[in-house]
Amino acid sequence: MTHKKCIDPAAARHFLGHYQNLLESIPITKPKANVVTQLAAARDALHADPALLQPALAHLQNLGSPCADDVLQAVHTLCVDNWIYVSDTATHSQFLEPKGAAAYATKTLTTPLKEMFGSSGAVLSCGLLVFQGQVICDGLVRFVAWLGPNYRSSFKEQLAACRAQGRLYRDHLQPSTPP
């Protein structure tokens, strides 16, 4: 069953296959762990040091399995952070960047976030990217914290302000603001 909060299933399989191959080509210094932990560590390493991308791409090319252009374009937009998962609509999850300067209407790959976590109103560590013209969550999601009712209310107000000011984005990520 296709869910409106997820991208097209064929596009999700395409993205996942190429993204995983790319991340598996990123060298990480953490001890071997489960696959998801390793992929998240590689994603975090790539975000911290974009120079890791070219050797990984060369490695994939040498193996005869180059990264698809649309996935590579998405990787260039990768932003990893502790996002505030505010709420859901019928078609997407609404994320607020930590500093509250922008909000994102975010699609997931195969499973809606609310199905994964049971509720919104949380801080999640994950990567957001722009894939095929829409902001997506990369699926490597780590729960950070639940938000209490006052925080949830405050973040909903910030989300409403972003929406009213035209700072709720569906198709691109804003450049990171300095701390």
Side-chain angles (χ1 to χ4, degrees), residues 1-20 22-23 33-44 46-47 70-71 73-164 167-174 176-177:
M1 177 183 128
T2 303
H3 200 289
K4 292 180 182 181
K5 293 178 189 173
C6 301
I7 67 172
D8 173 73
R13 284 189 301 277
H14 168 77
F15 177 84
L16 284 166
H18 287 277
Y19 190 58
Q20 183 171 345
L22 176 63
L23 293 179
N34 69 50
V35 172
V36 174
T37 302
Q38 287 181 258
L39 292 173
R43 186 244 356 244
D44 294 348
L46 177 60
H47 181 255
D70 56 352
V71 175
Q73 288 174 357
V75 168
H76 284 294
T77 67
L78 176 64
C79 187
V80 179
D81 213 328
N82 288 335
W83 303 96
I84 301 152
Y85 169 36
V86 180
S87 61
D88 286 283
T89 71
T91 60
H92 59 267
S93 296
Q94 298 180 109
F95 279 56
L96 192 62
E97 77 169 20
K99 296 170 194 75
Y104 300 102
T106 306
K107 297 274 192 174
T108 55
L109 296 169
T110 60
T111 307
L113 288 171
K114 203 161 194 173
E115 276 185 34
M116 281 193 259
F117 292 100
S119 183
S120 56
V123 179
L124 305 176
S125 177
C126 63
L128 297 186
L129 314 94
V130 179
F131 177 65
Q132 297 182 350
Q134 52 197 345
V135 176
I136 65 165
C137 171
D138 71 354
L140 300 169
V141 183
R142 183 175 50 84
F143 173 78
V144 177
W146 288 115
L147 300 172
N150 289 336
Y151 279 120
R152 275 194 302 252
S153 177
S154 173
F155 288 130
K156 283 182 180 182
E157 288 173 12
Q158 286 183 17
L159 176 66
C162 284
R163 188 180 305 115
R167 294 183 288 122
L168 174 65
Y169 305 103
R170 298 173 185 276
D171 61 356
H172 70 280
L173 295 168
Q174 291 295 103
S176 295
T177 53

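Being a predicted model, the structure only gives us computed values, none of them experimental.
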If we only count heavy atoms from C-beta on, is the [X] to [Y] side-chain gap below 4.5 Å?
| X | Y | value |
| --- | --- | --- |
| V71 | L22 | no |
| F15 | L129 | yes |
| H92 | T89 | yes |
| L140 | L23 | yes |

Taking all atoms of both residues into account, what is the closest heavy-atom pair of [X] and [Y], and its distance?
| X | Y | value |
| --- | --- | --- |
| L78 | G127 | CD1-CA, 3.9 Å |
| T111 | M116 | O-CE, 3.5 Å |
| Q174 | A102 | CG-CB, 4.0 Å |
| L159 | S87 | CD2-OG, 3.9 Å |

In Å and rounded to the nearest 0.5 Å, what is the [atom1] to [atom2] distance from [X] to [Y]?
| X | Y | atom1 | atom2 | value |
| --- | --- | --- | --- | --- |
| L124 | D81 | CG | CG | 11.5 Å |
| Y19 | D138 | OH | CG | 3.5 Å |
| L113 | C137 | CG | SG | 5.5 Å |
| R167 | E97 | CZ | CD | 8.5 Å |
| I136 | L128 | CD1 | CG | 9.0 Å |
| C162 | Y104 | SG | OH | 9.0 Å |

Are the side chain of [X] and the backbone N or O of [Y] linked by a donor-acceptor pair below 3.5 Å?
| X | Y | result |
| --- | --- | --- |
| W83 | L96 | no |
| T108 | T110 | no |
| Y85 | K114 | yes |
| R170 | Q134 | no |

Partners passing side chain to side chain contact (heavy atoms under 4.5 Å, CB included) against [X] (at least two apart in sequence or in another chain):
| X | answer |
| --- | --- |
| A11 | I7, D8, F131, Q132 |
| P112 | H3, K5, C6, E115 |
| V35 | Q20, L39 |
| V130 | T77, V135, L173 |

### Query
Between H18 and D70, do the side chains contain an N or O donor and an N or O acceptor separated by less than 3.5 Å?
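Side-chain D/A pair, H18 to D70: absent.
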
### Under 3.5 Å side-chain donor-acceptor pair for D88 and S93
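Yes, because at least one side-chain N or O of D88 sits under 3.5 Å from a partner of the opposite role on S93.
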
### Task
Can you run down the side-chain hydrogen bond (donor to acceptor under 3.5 Å, both in side chains) pairs that involve residues 143-163, sequence neighbours left out, and say none if there aren't any?
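Pairs touching residues 143-163 that pass the test: Q94-R163.
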
### Message
According to salt bridge (charged side-chain N to carboxylate O under 4.0 Å, His left out), does anything in residues 119-133 pair up with another residue at least two apart or in another chain? List the pairs.
### Response
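Matches after skipping sequence neighbours: none remain.
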
### Task
Would you please test R13 and L109 for side-chain contact (heavy atoms from CB on, under 4.5 Å) and show each step?
CA-CA 8 Å; R13 284 189 301 277; L109 296 169; over 6 Å; no

